[in-house]
Every structure is written in C-alpha cells, then in structure tokens.
Amino acid sequence: MQISPLNQRRFNNFKSNKRGWYSFWIFSFLFLISIFADFIANDKPLLVRYDNAFYLPIINEYPETIFGGDFETEADYRDPFVKKLIHSNGWIIMPIIPYSYNTIIRDLNVPAPAPPSQKNWLGTDDQARDVLARLIYGFRISILFGFTLTFFSMIIGVSAGAVQGYFGGKTDLFFQRFMEIWSAIPALYVLIILASIVQPNFWWLLIILLIFSWMGYVGVVRAEFLRARNFDYVRAAKALGVSNSTIMFRHLLPNATVATITFLPFSLSASVTALSGLDFLGFGLPPGSASLGEMVNQGRNNLQAPWLGLTSFFTLGLMLGLLVFVGEAIRDALDPRKTFI
C-alpha cells in the first residue's frame, strides 16, 4: 500500500524522537510477553507425552485417570504422584515459570513472603504466590483494561464532541450544562456504593469508569468542529445536499483526529492508573486477581519484604513512563509545525 507523503513525514517525525521510538518498541515487547502469559507462567504443562499420545493441558483439561491415576478430577501436575505417573511412561514440558498468578507454593523453604531466589525470581507475596507470575498477568490485565476503556471512551467522547460542535446553539448549550453536572459527580463514591451492592469485576469497573472518562475527549473535538463547521467546503457540501452525518464523520472528523490521537497515550496511562488505584483501595478487581494495584498494597502491608514494593513501583513507573514518552512522540509526529530533517 502506497504511503502518502504526509503520513511518511509523520512517521519520520515519530522515528526522529528517539526516546518515544525506543519506548514504543519496549512497550510493545513487554505487552507481547504479557499477552502470552498463559504460556510463560502457568502451573499446567505446555505439552505432555504419555503412552505414545500427546496432550495439551494448558488448553484442555484432562482427568488424572488418563495418566494412570485414581481420580476423575483434573490432574494436578504439580503433585509428585502425578509427575511420577507421567514420567514412568512419557515426559512433561513445563512453562519457563511453573506457576500461575494464583498458584499457592507449598514447598517454600522460608515463611511467606519469601525473598527472591533461583526458584522464585522476584520472590513470593504473603500468600505464597509467585510475584513474577502475578506481575506478568497483572501487566496484561492492566493494559487490556486501559486499551478497552480508552477505546470506548474515545468513541463516546468524539461522537458527543462532534454533535456539540457541528450543531452548536441549544444542542451545544444543553450538552455543556449536562457535562458540568455530570463531571461534578464523584466517581469514587459511586464505586464505593456499587461495591457494597455487587462484586466489582473487569466489566463492572469498565462500565462505571466509562461513564465518567469519555468527557476528556469532548473538548478538543468540539472546538475543532466549531471552528470548521463554517468553512466553505462544509457549506458547499450542505448546498449539494450531503447529509449531516457524512459531513461530520467524513469531512470534519479527520481534522479532529490529530488532537484525539495525541490524547490517546495519556488517556491510556490514566486508565491504567485508575484501575491500579481502585485495586489498591480494595474497590477494584475481585480478591485474588492478578493486579498491579494489589501488588502495591502487598508492598505497603509487608514493609519487611521490600521486593514487593520495589517490584510494583518500578513496574508502574516503567509502564507509565513508556506511555508518556510514546505520547510525546505522537504529538511531535502530528504537529503540522514540525518537519522532518
């Protein structure tokens, strides 16, 4: 596909910002690793060969009786008895980290939280769960939550801003007063009230935060539509009978795309921070979920185990720093005043 000169210049501007360019690749690499967390950190084998047959426990559940055991329940591949059964007539390939985010390690040499060791690279928390495994899973759910919340917030916010700016008048006035009232509602109090009624989960938190987060996109889109709605090409399109929706989303929206895209990395950072903050306060994901905020809380409650606090601190700092640097590079790439040298 042929890249237009304008997009080529923007891409070159993005690459010229070395800090943002390298941050983009580092973040992409870390996110790619977290996407395959189930294959990197899991207490189920990647592959089992038993009695000349192959099994994929990481994908399917197999009863213990398949491997010569006595129970019809799913095999516990960390049980020495099950391991002995499989090794007697086959072999096992385990993930690099043989623990999932909720695996309780029962053979620690010291009381939990255990310090980093060759067995647990970042130690364990106070419930004897591997910190590195929880870190990988927590990174994934934080980024996926941030992406999802940012995407839907952008859809709602851009649509609302487009309607306000294009139609103006009473429509714009009504929406502005509505947003003033809506933004005055304390989101944290709403979460606390709902948490006492229902058990928060990924989708509940997404919906509740989405109710308030879309307003951040309205201002920039509304301003662009207010500026461009009286341009000559818009009046000509109206005179030719082009529908309002076509004018809004085909002719005017591209002008507001630059400001919207520039805002995305910072919105993603805010979404990740919001989820981590709620998990830290106990109003986030269900107990036991892999969460960076819960890891921060573990560090606060176990000051005698500094690896817990340091791991969560450096992870959140690195993640948010990379996103901010990428956002700065995108801003420079889309700035019409900058030219690539």
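When reading the values below, keep in mind they use all heavy atoms of this one structure, side chains included, and skip hydrogens, waters and symmetry mates. Quick caveat, the model's predicted, so the values are computed rather than measured.
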Would you indicate whether the side-chain heavy atoms of [Y] and [X] approach each other to under 4.5 Å?
X    : Y    : answer
P63  : I66  : yes
Y99  : R78  : yes
I86  : W91  : no
I97  : I136 : yes
F24  : I330 : no
I185 : I211 : no
K119 : I105 : yes
M94  : K83  : no

Donor-acceptor pair, distance only, cut-off 3.5 Å: does the side chain of [X] make one with the backbone of [Y]?
X    : Y    : result
Y62  : L56  : yes
S267 : F263 : no
S16  : N13  : yes
S276 : T273 : no
E64  : T73  : no
S34  : F31  : yes

Using the side-chain hydrogen bond (donor to acceptor under 3.5 Å, both in side chains) rule, pick out the option among R10, Q8, K15 that qualifies with N12.
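The option that passes is Q8.
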
Please evaluate residues V48 and F67 with respect to the criterion side chain to side chain contact (heavy atoms under 4.5 Å, CB included), reporting the C-alpha separation (whole Å), side-chain torsions for both, the decisive distance (0.1 Å), and the verdict.
CA-CA 10 Å; V48 173; F67 308 111; 3.8 Å; yes

Going by the side-chain hydrogen bond (donor to acceptor under 3.5 Å, both in side chains) test, which pairs reach into residues 230-241, not counting sequence neighbours?
Y233-N255

Residue pairs meeting side-chain hydrogen bond (donor to acceptor under 3.5 Å, both in side chains), one or both in residues 277-292, sequence neighbours left out, come to D279-S291

Go through the steps to decide whether K44 and E74 satisfy the test side chain to side chain contact (heavy atoms under 4.5 Å, CB included), and finish with yes or no.
CA-CA 11 Å; K44 296 180 180 180; E74 183 181 6; 3.0 Å; yes

Could you measure the distance from the [atom1] atom of [X] to the [atom2] atom of [Y]? Nearest 0.5 Å is fine.
X    : Y    : atom1 : atom2 : value
N17  : D332 : CG    : CG    : 5.0 Å
T311 : L316 : OG1   : CG    : 11.0 Å
L268 : M319 : CG    : CE    : 9.0 Å
T148 : I143 : OG1   : CD1   : 10.5 Å
T315 : L122 : OG1   : CG    : 8.0 Å
L308 : L135 : CG    : CG    : 11.5 Å

Hey, any chance [X] and [Y] share a hydrophobic cluster, counting ILVMFWY side chains that come within less than 4.5 Å of each other, even indirectly?
X    : Y    : value
V272 : F152 : yes
V163 : I181 : no
I26  : F313 : no
L320 : L310 : no
L318 : F314 : no

Kindly give the heavy-atom pair with the smallest separation between [X] and [Y], and that separation in Å.
X    : Y    : answer
F139 : L292 : N-CD2, 4.1 Å
L209 : A274 : CD1-CB, 4.2 Å
M154 : T260 : CG-CG2, 3.8 Å
L303 : G299 : CD2-O, 3.6 Å
L205 : P200 : CD2-CB, 4.1 Å
A41  : Y137 : O-OH, 2.6 Å

Answer yes or no: does atom CD1 of I155 have more than 12 heavy-atom neighbours from other residues, nucleotides or ligands under 6.0 Å?
yes

What do you reckon, is CZ of R177 surrounded by more than 12 foreign heavy atoms closer than 6.0 Å?
yes

F145: partners by ring pair (Phe, Tyr, Trp, His ring centres under 6.0 Å), with sequence neighbours left out
F202

Using the rule given for salt bridge (Lys or Arg N to Asp or Glu O under 4.0 Å), can you reason through E328 versus R331, listing the C-alpha separation, both sets of side-chain angles and the distance that settles it, and then say yes or no?
CA-CA 5 Å; E328 291 177 350; R331 180 194 61 194; 5.0 Å; no

Name each donor-acceptor pair under 3.5 Å that joins a side chain in residues 124-133 to protein atoms two or more places apart or in another chain, with its distance.
from : atom 1 : to   : atom 2 : distance (Å)
T124 : OG1    : A114 : N      : 2.8
D125 : OD1    : Q127 : N      : 3.0
D125 : OD1    : A128 : N      : 3.2
D125 : OD1    : R129 : N      : 2.8
D125 : OD2    : R129 : NE     : 2.9
D125 : OD2    : R129 : NH2    : 3.0
D126 : OD1    : Q298 : NE2    : 2.9
D126 : OD2    : N302 : ND2    : 3.2
R129 : NH2    : E294 : OE2    : 3.3
D130 : OD1    : N120 : ND2    : 2.9
D130 : OD2    : L132 : N      : 3.3
D130 : OD2    : A133 : N      : 2.9

Tell me who clusters with F81, hydrophobic residues only, linked when side chains sit under 4.5 Å apart either directly or through other members.
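Its cluster partners, ordered by chain and number, are L85.
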
Enumerate, atom names and distances included, each donor-acceptor pair closer than 3.5 Å involving a side-chain atom of residues 245-252, sequence neighbours excluded.
from : atom 1 : to   : atom 2 : distance (Å)
S245 : OG     : S243 : OG     : 3.4
T246 : OG1    : S243 : OG     : 2.8

Under 6.0 Å between ring centres: does that hold for Y50 and Y55?
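No, the ring centres sit 6.0 Å or more apart.
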
Decide yes or no on side chain to side chain contact (heavy atoms under 4.5 Å, CB included) for R300 and F280, but give the supporting numbers first.
CA-CA 10 Å; R300 183 197 65 175; F280 176 78; 3.8 Å; yes

Using 30° and 60° as the class limits, which term best fits the ring planes of W21 and W25: parallel, tilted or perpendicular?
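Perpendicular: the ring planes of W21 and W25 meet at over 60°.
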
